[in-house]
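Computation of the quantities below employed the complete heavy-atom set of this structure, encompassing side-chain atoms and omitting hydrogens, waters and symmetry-equivalent molecules. Quick note on labels: first sequence line is chain A, next is B, and so on, each numbered from 1.
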Amino acid sequence: NAGVTQTPKFQVLKTGQSMTLQCAQDMNHEYMSWYRQDPGMGLRLIHYSVGAGITDQGEVPNGYNVSRSTTEDFPLRLLSAAPSQTSVYFCASKTGPALSYEQYFGPGTRLTVT
Amino acid sequence: DAKTTQPPSMDCAEGRAANLPCNHSTISGNEYVYWYRQIHSQGPQYIIHGLKNNETNEMASLIITEDRKSSTLILPHATLRDTAVYYCIVRNQGGKLIFGQGTELSVKP
């Protein structure tokens, strides 16, 4: 299994541009989520999904959209990038929403918005 | 959501046990304690989790106090590769992982 994969690894955008961060997992996990990590802030949950067709907001959802058309993929869209969205983005997945399931993280995407 | 409190940093000598404390005094009865770590520039890595009983796996041991208000992660023989930020997390009812600031563990030769 490849686990959780993310593309691209690095990205530079200009303010106002849009882009999609890709996330895929091959473990047949129901639950997927997106986090951003900023210095001194820890990881903050952006959006999550408990299964195909179902998404919900996390702590910091503004400026981001998600969709979950398949179990495997959970893309994160930035509609109009802002410098405040400069961050490292991590995608994660786990078997289901139950409390006892461990979460697997991808390697991250480093995004810079100028 | 139960919150956790960890020391911001700790040092440990290579080959010695690293004991990382965590306070979670407002934990609810059905909330699990999770530990993750993040090595520089990589995604977080699951280490261990527990509810009430002490747990051990190939990476670490987790000791949870009887009142569940605190726990300790033990790396029995720390190596330089264990240098990382360690996060103690209490999972809330919705199943979301809420990361705090963590403890930056430096293992020194």
Side-chain angles (χ1 to χ4, degrees), chain A residues 2-7 9-10 21 23-25 27 29-51 54-61 66 87-111, chain B residues 1-9 22 24 27-53 55-60 62 64 68 71 73 84-104:
Chain A
V4 180
T5 58
Q6 292 183 238
T7 56
K9 283 190 167 51
F10 301 93
L21 279 63
C23 173
Q25 51 87 13
M27 298 174 280
H29 284 172
E30 295 175 31
Y31 189 98
M32 296 184 73
S33 51
W34 276 101
Y35 293 83
R36 61 177 286 173
Q37 186 171 35
D38 304 295
M41 301 289 291
L43 280 85
R44 292 181 291 170
L45 182 65
I46 305 172
H47 284 285
Y48 66 98
S49 168
V50 299
I54 306 168
T55 64
D56 205 348
Q57 296 181 350
E59 301 172 73
V60 287
V66 291
S87 188
V88 182
Y89 292 84
F90 291 102
C91 178
S93 75
K94 62 187 177 89
T95 300
L99 295 174
S100 61
Y101 297 136
E102 67 180 89
Q103 191 146 229
Y104 297 86
F105 284 81
T109 293
R110 281 159 179 71
L111 175 68
Chain B
D1 299 342
K3 296 199 186 307
T4 62
T5 304
Q6 299 177 253
S9 63
C22 179
H24 31 79
I27 191 170
S28 299
N30 62 348
E31 289 179 314
Y32 284 74
V33 179
Y34 279 76
W35 283 83
Y36 281 75
R37 73 180 183 184
Q38 188 172 22
I39 296 169
H40 182 61
S41 300
Q42 297 182 22
Q45 177 191 21
Y46 166 83
I47 302 173
I48 199 167
H49 75 276
L51 182 62
K52 295 184 200 177
N53 300 322
E55 302 288 344
T56 295
N57 63 20
E58 64 278 4
M59 288 181 70
L62 174 60
I64 302 174
R68 303 213 320 126
S71 60
L73 177 75
V85 178
Y86 286 78
Y87 295 98
C88 168
I89 301 160
V90 173
R91 177 160 292 181
N92 64 18
Q93 297 277 348
K96 290 174 271 190
L97 279 177
I98 307 296
F99 285 77
Q101 299 302 306
T103 295
E104 187 164 1

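In this structure the side chain of A:E102 never reaches within 4.5 angstrom of the side chain of B:Q45, judged on heavy atoms. In this structure the side chain of B:Q38 reaches within 4.5 angstrom of the side chain of A:F90, judged on heavy atoms.
Within the 6.0 Å centre-distance limit, the rings of A:F105 and B:Y36 are counted as a close aromatic pair.
Scanning for ring pair (Phe, Tyr, Trp, His ring centres under 6.0 Å) contacts around B:Y87 gives B:F99, with sequence neighbours left out.
For the set B:G43, B:S41, B:P44, the count of heavy-atom pairs under 4.5 angstrom toward chain A peaks at B:P44.
Only the side chain of A:R110 comes within less than 4.5 Å of a heavy atom in chain B; its backbone stays farther off. Contact of A:Q37 with chain B is made through the side chain alone, with heavy-atom distances under 4.5 Å. When heavy atoms are compared at a cutoff of 4.5 Å, B:Q42 approaches chain A solely by way of its backbone atoms N, CA, C and O.
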